[in-house]
Colleague: 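So that we are looking at the same thing, I have put the structure below in structure tokens.
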Amino acid sequence: MQVKNLIMKRIKIKELLQSKEFNKEFVIEGWVRTRRGNKNVNFIAINDGSTINNMQVVVDVPVFGEESLKNITTGACVKVKGLLVNSQGQGQTVEIHAKEILVYGTADTETFPLQKKGHTLEFLRTIAHLRPRTNTFGAILRIRHNMAFAIHKYFNDKGFCYVHTPIITGSDCEGAGQMFRVSTLDFNNLPKTEDGKIDFSQDFFGKETNLTVSGQLEGELAAMALSEIYTFGPTFRAENSNTPRHLAEFWMIEPEMAFYDLEDNMNLAQDFVQYLVKYALENCKDDLEFLNNMYDKELISRLEFVVNNDFKRLTYTEAVDILVKSGEKFEYPVSWGTDLQSEHERYLVEKHFNKPVILIDYPKEIKAFYMKQNPDGKTVRAMDVLFPKIGEIIGGSQREEDFNKLNDRIKELNIPTKDMWWYIDTRKFGAAPHSGFGLGFERLILFVTGMANIRDVIPFPRTPKNAEF
RNA sequence: UCCUCAAUAGCUCAGUUGGUUAGAGCAUCUGACUGUUAAUCAGAGGGUCGCAGGUUCAAGUCCUGCUUGGGGAGCCA
């Protein structure tokens with residue numbers, strides 16, 4: 001078709017769908033979801049990502065000519081100029097009567113993998129470069145954005161300072177598992193020391209370095225000056241974890257607060273998560289309704305329940321007691337001193353309390369060295385926030401600020417301290433009671449979207465044996 | 001990493017006890033239809049049955065190994 005005058009600025013479909021300016025000309029740009037019709041009239045559904053809803057473009061076929069519409073197939077990118085009118089059809093209130101159409105990019109119908117029909121999430125993972133164009137991933141990515149924004153808004157409104165902790169770390173005892181090595185050494189010709197080991201003094205940083213598994217230790221340093229801080233950045237774990245809840249590269253939010261005890265920490269964790277879920281309910285309604293209808297009929301009611309109900313708080317010891325007395329047949333027996341299994345956590349959250357649960361005061365043997373020791377000598381001021389379906393969404397604690405107790409614990413556990421002197425230093429100079437926690441961003445998105453697999457809530461998942469795209 | 005299930009058309013799946021030329025729906029293509037809504041209707045094309053071995057007169061089907069994916073477990077956020 002001849003394109004004469006398409007110089008008007010485009011309007012986003014989200015905005016135009018709410019417009020009442022009928023019989024006025026507008027320009028929209030987006031990707032074709034479907035075209036259907038007959039010799040006289042065609043209907044093109046166009047989506048530009050501003051909303052899950054499409055704009056229906058009505059085309060008078062004789063005016064444009066059938067041949068000129070052939071390129072307008074599912075997946076093509078177009079610019080349309082036309083009049084906004086009330087829709088005669090049932091599925092939408094307004095539509096565009098096309099005057100001019102420009103095809104920016106075609107999409108070959110034989111090879112474009114996305115169909116008008118639903119696809120499995122497994123298949124979409126194999127075409128992660130195209131899956132943002134589906135309703136499902138459009139919804140997830142918009143929700144993901146809204147949650148990232150709400151996280152910054154929440155902390156900013158509360159006076160927390162966003163601190164950028166390093167991605168590359170030189171300490172290997174951050175305490176959270178296997179790390180990815182960062183090196184510029186030639187792997188085919190590694191320099192060796194006299195006793196045959198790899199000579200990292202010749203590496204880029206002059207020492208062994210890895211990708212961070214947590215920004216907590218550096219976060220604590222900043223909290224010892226700014227009082228309330230948070231980090232929000234990528235985190236890397238080289239664990240060979242093959243589950244719907246783990247990624248090798250994920251995003252984590254780690255607030256760290258001076259002068260907070262464990263109860264303050266729990267209050268913050270609950271308020272924070274409830275704020276985020278409420279923000280989603282208020283700002284992502286269309287997307288949540290889509291996910292509710294397509295994937296999880298209880299999604300929205302579950303989100304509303306979390307916003308409106310306090311999380312159940314109890315100690316590890318009380319939880320073990322409940323589990324022992326439950327009469328439930330667990331695959332793994334419950335006993336004081338061992339870590340709770342997934343099935344135990346699920347029982348507490350999904351059967352016994354039927355609401356989010358915060359477990360505190362775990363045995364010190366199963367928790368990290370930096371957690372504050374209780375007077376009983378057996379437990380530490382740890383807290384895990386457990387959510388239905390996804391399990392642990394938050395892990396945190398009050399930190400041990402006593403120099404001697406921290407040092408004793410480090411010695412007991414034989415933790416190498418040569419790369420951590422700076423952390424221990426904070427307990428020497430103006431030590432303060434403080435607390436913090438880590439929230440797995442993708443696990444939050446799992447909960448908010450109702451998705452079942454963490455690979456479907458991040459654009460390009462990194463998992464063992466998979467770094468495609 | 002362990003346990004378990006699976007892999008057949010572009011997608012989702014069926015394929016009987018091992019037995020003739022491997023099927024369906026959707027998608028695609030062609031045509032029909034004056035307002036469709038995952039449009040509808042008619043017809044057509046489309047297969048190295050994940051890969052490599054093995055058993056057998058005969059393997060999509062049985063056996064072994066590998067690869068990839070799902071679910072469960074561990075590690076955790």
Side-chain angles (χ1 to χ4, degrees), chain A residues 33-45 53-54 56-62 66 70 73-75 85-92 95 97 107-127 134-135 174-178 213-216 234-254 269 294 330-332 339-346 366-368 384-387 390-396 437-447 452-458 463-466 468:
Chain A
R33 286 297 171 76
T34 173
R35 178 169 65 91
R36 54 181 171 261
N38 53 47
K39 271 182 185 153
N40 296 285
V41 61
N42 268 199
F43 303 93
I44 311 169
N53 299 306
N54 301 328
Q56 171 155 286
V57 171
V58 184
V59 182
D60 196 352
V61 177
E66 259 181 283
K70 283 210 159 154
T73 56
T74 300
V85 296
N86 265 307
S87 178
Q88 298 170 33
Q90 292 295 307
Q92 57 285 317
E95 62 195 18
H97 273 208
D108 177 36
T109 53
E110 302 272 2
T111 51
F112 185 63
L114 290 171
Q115 303 170 7
K116 304 171 193 179
K117 222 187 139 196
H119 289 292
T120 60
L121 295 167
E122 289 84 358
F123 172 67
L124 292 176
R125 269 170 228 154
T126 68
I127 52 167
T134 61
N135 285 332
E174 286 180 349
Q178 291 295 111
V213 293
S214 165
Q216 180 199 319
T235 310
F236 307 88
R237 306 259 168 103
E239 301 288 351
N240 192 10
S241 298
N242 294 287
T243 84
R245 300 179 305 283
H246 290 86
L247 291 166
E249 176 184 287
F250 63 101
W251 289 68
M252 188 155 62
I253 301 102
E254 295 181 285
M294 295 297 291
F330 294 114
E331 194 184 337
Y332 295 90
D339 212 349
L340 298 181
Q341 304 288 316
S342 288
E343 56 174 343
H344 305 144
E345 296 180 349
R346 267 206 309 276
I366 60 174
K367 288 294 180 184
D384 283 2
V385 181
L386 309 177
F387 261 45
I390 53 177
E392 187 179 340
I393 194 169
I394 282 176
F437 60 81
L439 169 73
F441 186 56
E442 283 76 18
R443 289 193 181 171
L444 171 78
I445 305 301
L446 271 183
F447 181 73
N453 193 312
I454 203 161
R455 295 157 202 215
D456 296 330
V457 297
I458 188 166
T463 53
K465 301 271 189 291
N466 180 25
E468 190 75 46

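Sequence lines set the chain letters: A, B, ... in the order given, protein chains first and strands last, and positions in each chain run from 1. For clarity, every value in this text was computed on a predicted model and none was experimentally measured.
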Colleague: Go through the N and O atoms of the side chain of A:Arg36 and the base of B:C33, and report whether any donor-acceptor pair is under 3.5 Å.
Modeller: no
Colleague: Looking at residues at least two apart in the chain, or sitting in another chain, which of them share a side-chain contact (heavy atoms from CB on, under 4.5 Å) with A:Gln115?
Modeller: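 Residues passing side-chain contact (heavy atoms from CB on, under 4.5 Å) with A:Gln115: A:Lys117, A:His119.
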Colleague: Which nucleotide, B:G35, B:A73, B:G70, lies nearest any side-chain atom of A:Thr243?
Modeller: B:A73
Colleague: Using the salt bridge (charged side-chain N to carboxylate O under 4.0 Å, His left out) criterion, which residues pair with A:Glu254? Sequence neighbours excluded.
Modeller: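 So A:Glu254 forms no salt bridge (charged side-chain N to carboxylate O under 4.0 Å, His left out) with any residue.
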Colleague: So what does A:Arg346 hit on the nucleic acid, given a heavy-atom distance under 4.0 Å: a base, only sugar-phosphate, or nothing?
Modeller: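 Sugar-phosphate only.
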Colleague: Identify, between A:Gly395 and A:Pro464, the residue whose nearest nucleotide on RNA chain B lies closer to the 5' end.
Modeller: A:Pro464
Colleague: Expressed in whole Å, how much space separates the C1' atoms belonging to B:C63 and B:U55?
Modeller: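 B:C63 and B:U55 have their C1' atoms separated by 7 Å.
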Colleague: Measuring only the C1' atom in each nucleotide, how far is B:U56 from B:U17? A whole number of Å is fine.
Modeller: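 Approximately 15 Å lies between the C1' atom of B:U56 and that of B:U17.
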Colleague: Only Watson-Crick and G-U wobble pairs with both distances less than 3.5 Å should count. Give RNA chain B in dot-bracket notation, marking inter-strand partners with |.
Modeller: (((((((..((((.....[...)))).(((((.......))))).....(((((..]....))))))))))))....
Colleague: For the side chain of A:Asn40, counting heavy atoms from C-beta on, which of B:G69, B:U34, B:A73 is nearest?
Modeller: B:U34
Colleague: Return yes if the base of B:U1 and the side-chain atoms of A:Asn242 contain a donor-acceptor N/O pair under 3.5 Å, otherwise no.
Modeller: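 Such a pair exists between side chain and base.
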Colleague: Students often get this wrong, so: under 4.0 angstrom with heavy atoms, is A:Leu444 touching a base, only sugar-phosphate, or nothing?
Modeller: nothing
Colleague: Are A:Asn242 and A:Lys465 packed together at the side-chain level, in the sense that at least one heavy-atom pair is separated by less than 4.5 angstrom?
Modeller: no
Colleague: With rounding to the closest Å, how many angstrom separate the P atoms on B:G65 and B:G23?
Modeller: 33 Å
Colleague: With no angle test and no hydrogens, is the base of B:G72 tied to the side chain of A:His246 by a donor-acceptor pair under 3.5 Å?
Modeller: no
Colleague: Could you tell me whether the side-chain ring of A:Phe250 sits stacked on the base of B:A77, using a centroid cut-off under 5.5 Å and a plane angle under 30°?
Modeller: yes
Colleague: Within the structure shown, what part of the strands sits under 4.0 Å from A:Gln56 by heavy-atom distance: base, sugar-phosphate, or nothing?
Modeller: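 Result for A:Gln56 = base.
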Colleague: Checking A:Arg125 now: which residues fulfil salt bridge (charged side-chain N to carboxylate O under 4.0 Å, His left out) with it, not counting sequence neighbours?
Modeller: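 With sequence neighbours excluded, A:Arg125 shows a salt bridge (charged side-chain N to carboxylate O under 4.0 Å, His left out) to A:Asp456, given in chain and number order.
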Colleague: Which of these nucleotides, B:G35, B:C29, B:C75, is closest to any side-chain atom of A:Asn38?
Modeller: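 My answer, after comparing the listed nucleotides, is B:G35.
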Colleague: Provide the distance between the two C1' atoms, one in B:G72 and one in B:C26, to the nearest whole Å.
Modeller: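 It works out to 32 Å between them.
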Colleague: Tell me what A:Ser87 touches on the nucleic acid: a base, only sugar-phosphate, or nothing, going by heavy atoms under 4.0 Å.
Modeller: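 Answer is base: heavy atoms of A:Ser87 come under 4.0 Å of a base.
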Colleague: What pairs with A:Lys70 under salt bridge (charged side-chain N to carboxylate O under 4.0 Å, His left out), at least two apart in sequence or on another chain?
Modeller: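 Residues passing salt bridge (charged side-chain N to carboxylate O under 4.0 Å, His left out) with A:Lys70: A:Glu67.
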Colleague: Mind checking whether A:Val213 and A:Phe236 have side chains closer than 4.5 Å, heavy atoms only?
Modeller: no
Colleague: Would you classify A:Arg35 as touching base, sugar-phosphate or nothing, given that sugar-phosphate means primed atoms plus P, OP1 and OP2, and contacts are heavy atoms under 4.0 Å?
Modeller: nothing
Colleague: Would you say the base of B:C76 and the side-chain of A:Ser241 have a donor-acceptor pair closer than 3.5 Å?
Modeller: no
Colleague: Which nucleotide in the set B:U34, B:G35, B:U68 lies at the smallest distance from any side-chain heavy atom of A:Lys465?
Modeller: B:U68
Colleague: Which nucleotide in the list B:G74, B:U28, B:A77 gets nearest to the side chain of A:Lys116?
Modeller: B:U28
Colleague: Heavy atoms under 4.0 Å, any strand shown: does A:Tyr332 hit a base, just sugar-phosphate, or nothing?
Modeller: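 Contact class for A:Tyr332: sugar-phosphate only.
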Colleague: Using a cut-off of 4.0 Å on non-hydrogen atoms, how would the nucleic acid contact of A:Glu331 be classed: base, sugar-phosphate, or nothing?
Modeller: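 The residue A:Glu331 makes no contact with any strand.
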Colleague: Any chance you could measure A:Gln92, atom CD, to A:Asn53, atom CG, to the nearest 0.5 Å?
Modeller: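 CG of A:Asn53 is found 10.5 Å from CD of A:Gln92.
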Colleague: At less than 3.5 Å, do the side-chain atoms of A:Arg237 and the base atoms of B:A77 form a donor-acceptor pair?
Modeller: yes
Colleague: Using heavy atoms to find the nearest nucleotide of RNA chain B for A:Thr109 and A:Val41 separately, return the residue whose nucleotide is more 5′.
Modeller: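 In this pair, the answer is A:Thr109.
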Colleague: Considering only atom P, compute the distance from B:A27 to B:A38 and round it to an integer number of Å.
Modeller: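 Taking atom P in both B:A27 and B:A38, they lie 12 Å apart.
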Colleague: What's the gap between B:G25 and B:U40 when it is taken at their C1' atoms, as a whole Å value?
Modeller: 16 Å
Colleague: Over all strands shown, is A:Thr74 touching base, sugar-phosphate only, or nothing at heavy-atom distances under 4.0 angstrom?
Modeller: nothing
Colleague: Base, sugar-phosphate, or nothing: which does A:Glu392 touch, judged by heavy atoms less than 4.0 Å apart?
Modeller: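 Sugar-phosphate, no base atom in range.
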Colleague: Using the P atom on both, measure B:G43 against B:A24 and round to a whole Å.
Modeller: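 Nearest-Å result for B:G43 against B:A24 at atom P: 12 Å.
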Colleague: What is the nucleic acid contact for A:Gly438, judged by heavy atoms within less than 4.0 Å: base, sugar-phosphate only, or nothing?
Modeller: sugar-phosphate
Colleague: Can you check the distance between B:A44 and B:C5, where both ends of the measurement are the C1' atom (answer in whole Å)?
Modeller: 37 Å
Colleague: Whether the side chain of A:Glu95 and the base of B:G35 hold a donor-acceptor pair under 3.5 Å is what I'd like checked.
Modeller: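 Such a pair is found, so the answer is yes.
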Colleague: Between B:G72, B:A32, B:U36, which one does the side chain of A:Lys39 approach most closely?
Modeller: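 Ranking B:G72, B:A32, B:U36 by closest atom to the A:Lys39 side chain puts B:A32 first.
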Colleague: Spell out protein contact along nucleotides 5-13 of chain B as letters: B when the base is contacted, S when just the sugar-phosphate is, - when no protein heavy atom is under 4.0 Å; keep the 5' to 3' order.
Modeller: -----BSS-
